[in-house]
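Here's the structure we're looking at; comments come further down.
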Amino acid sequence: MATTTWTRHHVLSLADFTPEEYNTVLQTAASFREVLSRRTKKVPTLQGQVVANLFFEPSTRTRSSFELAAKRLSADTLNFAASTSSLTKGETILDTAKTYLAMGTDMMVIRHREAGVPQAIASEMDRLGVRVGVLNAGDGQHEHPSQALLDLFTICTLIDPDRPRLELLKDKKIAIVGDILHSRVARSNIWSLTASGAEVHLAAPPTLLPQLFAEFVTDTPGKLFLHWQVEPALQDADFVMTLRLQKERMTQYLLPSLREYHQHFGITRNRLRICQSDVKVLHPGPVNRGVEISSDLMDDPQFSLIQTQVTSGVAVRMALLYLMGSSKA
Amino acid sequence: MATTTWTRHHVLSLADFTPEEYNTVLQTAASFREVLSRRTKKVPTLQGQVVANLFFEPSTRTRSSFELAAKRLSADTLNFAASTSSLTKGETILDTAKTYLAMGTDMMVIRHREAGVPQAIASEMDRLGVRVGVLNAGDGQHEHPSQALLDLFTICTLIDPDRPRLELLKDKKIAIVGDILHSRVARSNIWSLTASGAEVHLAAPPTLLPQLFAEFVTDTPGKLFLHWQVEPALQDADFVMTLRLQKERMTQYLLPSLREYHQHFGITRNRLRICQSDVKVLHPGPVNRGVEISSDLMDDPQFSLIQTQVTSGVAVRMALLYLMGSSKA
Amino acid sequence: MATTTWTRHHVLSLADFTPEEYNTVLQTAASFREVLSRRTKKVPTLQGQVVANLFFEPSTRTRSSFELAAKRLSADTLNFAASTSSLTKGETILDTAKTYLAMGTDMMVIRHREAGVPQAIASEMDRLGVRVGVLNAGDGQHEHPSQALLDLFTICTLIDPDRPRLELLKDKKIAIVGDILHSRVARSNIWSLTASGAEVHLAAPPTLLPQLFAEFVTDTPGKLFLHWQVEPALQDADFVMTLRLQKERMTQYLLPSLREYHQHFGITRNRLRICQSDVKVLHPGPVNRGVEISSDLMDDPQFSLIQTQVTSGVAVRMALLYLMGSSKA
């Protein structure tokens with residue numbers, strides 16, 4: 001596998017990912033996807049190593065995906081769930097991480113409701129001079145890099161199954177629709193998609209996509225566009241990425257109702273008519289059926305890549321753990 | 001192992017189990033029981049495969065039994081517990097199952113408080129054309145087939161340890177005592193025991209065994225009898241199966257008190273005197289000591305098969321996972 | 001490994017540990033610490049065996065340490081957490097343990113908020129004549145032997161990394177500071193440290209170290225001293241063991257405030273000046289920073305052994321599981 005250039009211990013953000021790094025992840029994931037198609041879906045790569053899933057914010061889906069990725073690399077896994085943890089006993093998060101370090105953890109997969117926690121833990125590991133890799137599995141409204149990488153892998157693999165690579169997305173039009181403001185998935189996707197040279201169109205109600213967000217545009221190498229209606233984003237789009245809508249946005253007076261959201265921004269078969277004829281729809285899950293996407297569209301394999309995304313997730317997470325574990329830096 | 005005739009992907013109900021299928025499970029479990037008696041209790045049968053325990057209703061005991069069965073077949077296991085799940089985020093149960101499918105799960109063990117959920121998931125898997133086996137680990141008040149199969153294995157093995165088989169129960173008298181109305185264990189046991197040709201006698205207070213239940217009798221190949229007192233069921237019985245009494249039955253005005261229940265239907269040493277002299281008592285656990293069974297009787301190895309049932313459970317669940325995984329259909 | 005003399009099935013208390021047993025644990029742990037320094041940190045010692053972590057009182061940290069120890073010996077692990085258990089269904093603790101026994105568990109690691117539960121389970125296993133080892137992972141305010149053994153290993157290894165042994169502590173002065181009254185860690189440490197011939201000085205406010213506790217002294221082979229101020233305990237001390245302060249002690253009127261506790265008994269760099277110049281500080285974790293220990297001291301590798309304790313924990317627990325599994329008795 002093409003790992004000669006990989007020097008990254010931690011995967012915390014896609015903001016500074018290079019095209020070479022994106023392509024190394026994509027190619028490595030492609031070779032692991034091949035492993036997953038065999039009957040015996042395991043490789044001995046990380047035998048005897050320990051991957052600790054430190055989920056300070058609960059998530060069965062993402063935790064299971066990382067746990068499975070680790071197990072298929074033959075690593076041992078430890079699961080930490082905040083609810084039963086000593087955090088309630090007054091220990092700091094860094095102390096918890098250092099405890100898992102001292103037990104002999106080789107890699108930590110971290111989710112936390114506050115932005116910056118995985119970065120803080122990674123910095124502490126570096127300060128201590130230990131070779132422990134930290135992977136951000138979602139931090140507050142900041143980033144969720146493995147989700148964006150699996151989205152990227154899903155799209156690139158659709159275009160060229162054998163050689164998924166960043167360049168395949170050049171000049172593709174990709175719409176991201178939904179609660180951009182609060183979405184760590186959107187933030188990570190904007191980094192990877194603009195890096196690919198795709199045209200990225202964001203669409204959301206103004207309360208979920210403030211004008212201020214536009215300042216973000218100037219720093220990006222690709223092209224980023226903001227829309228407060230969904231149609232200009234969907235027009236001729238090759239891919240439509242939908243985002244999960246947290247129901248608590250209603251009580252925060254950011255949205256009038258789910259029904260109204262669906263009426264104006266929900267993706268339906270009808271609304272896709274202005275896209276490219278082979279348009280595909282993505283969603284990071286779990287989906288609120290009939291809110292972000294109409295229920296029939298979600299189940300239509302002609303349009304929906306949602307199941308493929310989940311499958312890609314295991315391959316991409318195997319690739320990330322593998323690359324972090326073999327980092328030359 | 002005798003698997004040539006096994007064509008069942010899913011184990012959802014015993015209603016349509018054939019005598020050949022019962023005997024295949026019994027014989028396969030007998031060979032796995034032999035594995036469990038070795039010091040190294042593992043076989044590589046399911047290496048690289050993933051068994052997901054999707055317990056929408058929590059159960060440490062049954063989940064541990066399935067987890068151990070899967071690990072002893074060298075499968076990787078994923079545990080899903082409803083309380084920390086994305087179900088609270090609005091995803092449907094089918095969506096959850098499809099997510100685990102897309103991650104690469106080979107078999108799903110499902111418990112849910114609503115009857116029919118495992119069947120619905122199995123139908124969806126079949127509709128999708130995927131080879132994923134679904135095992136019902138208890139659905140509402142419907143069925144709990146692996147429990148009834150381990151009860152059957154426990155009884156048959158007692159009669160002939162080397163060749164447990166359905167025919168051994170012909171003309172045996174088996175009493176099932178307790179909350180028949182709400183018991184999925186009783187429903188599954190009625191299928192397997194009547195299929196064996198045993199005489200099955202149900203005994204419960206009328207509120208827990210309505211007359212309506214009698215219509216069930218007409219469809220069964222064996223002989224099924226209903227009693228509103230315990231003595232006629234116990235008279236000359238070879239085996240007495242007791243059922244767990246949910247304490248919430250009191251608040252539902254179905255029972256006056258635990259004490260009164262025990263006085264009229266609790267199994268005691270004294271009450272067993274009218275049974276066969278070598279009568280044995282079973283309970284699916286966990287037992288309310290002094291309610292369904294007197295505490296001393298529960299601990300008396302001369303009468304109690306309760307510990308044997310737990311041990312049988314691992315062997316029978318290994319057999320089911322093995323057979324489902326090697327299904328020829 | 002030096003296991004020829006090991007005859008102990010269960011590790012429940014250090015009260016009757018012999019010097020030979022302490023030294024066997026220390027030497028075995030030293031050889032496992034060497035395993036942990038390799039890249040592949042596993043040995044096949046307990047392959048095919050099952051270690052069940054029955055944590056009736058939740059503890060992520062200790063459970064992870066035992067889980068990792070078991071996995072590194074290649075055992076399969078089952079985790080039982082009280083919150084999702086059938087205990088809420090009326091089953092007794094002994095019934096739960098017997099269920100795990102019947103499933104085929106080889107060793108049980110037990111934590112419970114009531115003193116004596118691991119002993120009761122061990123007695124039941126012995127009464128049943130089964131070869132299942134029981135390890136007390138903390139019972140009420142009684143004992144926490146694996147914690148005291150890892151503390152002992154941490155200290156002895158510091159003095160002689162290659163040959164940690166009890167005799168190294170002879171005539172060392174060791175202070176134990178904090179909530180002695182409620183601490184199972186302190187109780188176990190008093191047994192091991194006095195057995196070594198060290199001078200053990202306890203220091204706490206009178207509400208957390210009653211005069212009555214002094215009667216304990218007379219039975220100990222070493223020397224045990226009680227102080228109601230911290231300075232006489234710290235004077236010329238070689239090691240200072242601090243104890244976790246449960247915040248609920250405030251509401252029980254045992255302490256005026258955390259601030260006042262820290263002012264009088266908190267360990268700070270300044271307070272350590274009267275100790276030996278190479279004094280080291282221990283804490284079983286999780287630490288309330290700025291209460292039992294000042295935050296800067298906790299992070300200072302010149303003084304703090306806290307991280308080393310966690311690492312020692314995995315090696316010592318591997319040693320205990322290994323020895324219990326190979327017991328000749």
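First the proteins, then the strands, lettered A, B, ... as listed; each starts at 1.
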Inset, instruction - May I ask you to name which of G104(C), A52(C), A102(C) has the most heavy-atom pairs under 4.5 Å with chain B? - result: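 Greatest number of close heavy-atom pairs with chain B: A102(C).
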State whether [X] and [Y] are salt-bridged, where the test is any N-O pair (Lys NZ or Arg NE/NH1/NH2 against Asp/Glu carboxylate O) under 4.0 Å.
| X | Y | result |
| --- | --- | --- |
| E20(C) | R8(C) | no |
| D106(C) | R131(C) | no |
| R113(B) | D139(B) | no |

Inset, instruction - Hey, can you tell me if F56(B) and H112(B) have their rings parallel, tilted or perpendicular (30° and 60° cut-offs)? - result: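 Tilted: the ring planes of F56(B) and H112(B) meet at 30° to 60°.
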Legend entry - Part of D299(B) lying under 4.5 Å from any heavy atom of chain C: side chain
Inset, instruction - Please state whether the side chain, the backbone, both or neither of R38(B) comes within less than 4.5 Å of a heavy atom of chain C. - result: neither
Inset, instruction - Would you mind checking which part of T105(C) comes under 4.5 Å of any heavy atom in chain B, side chain (CB onward), backbone (N, CA, C, O), both or neither? - result: neither
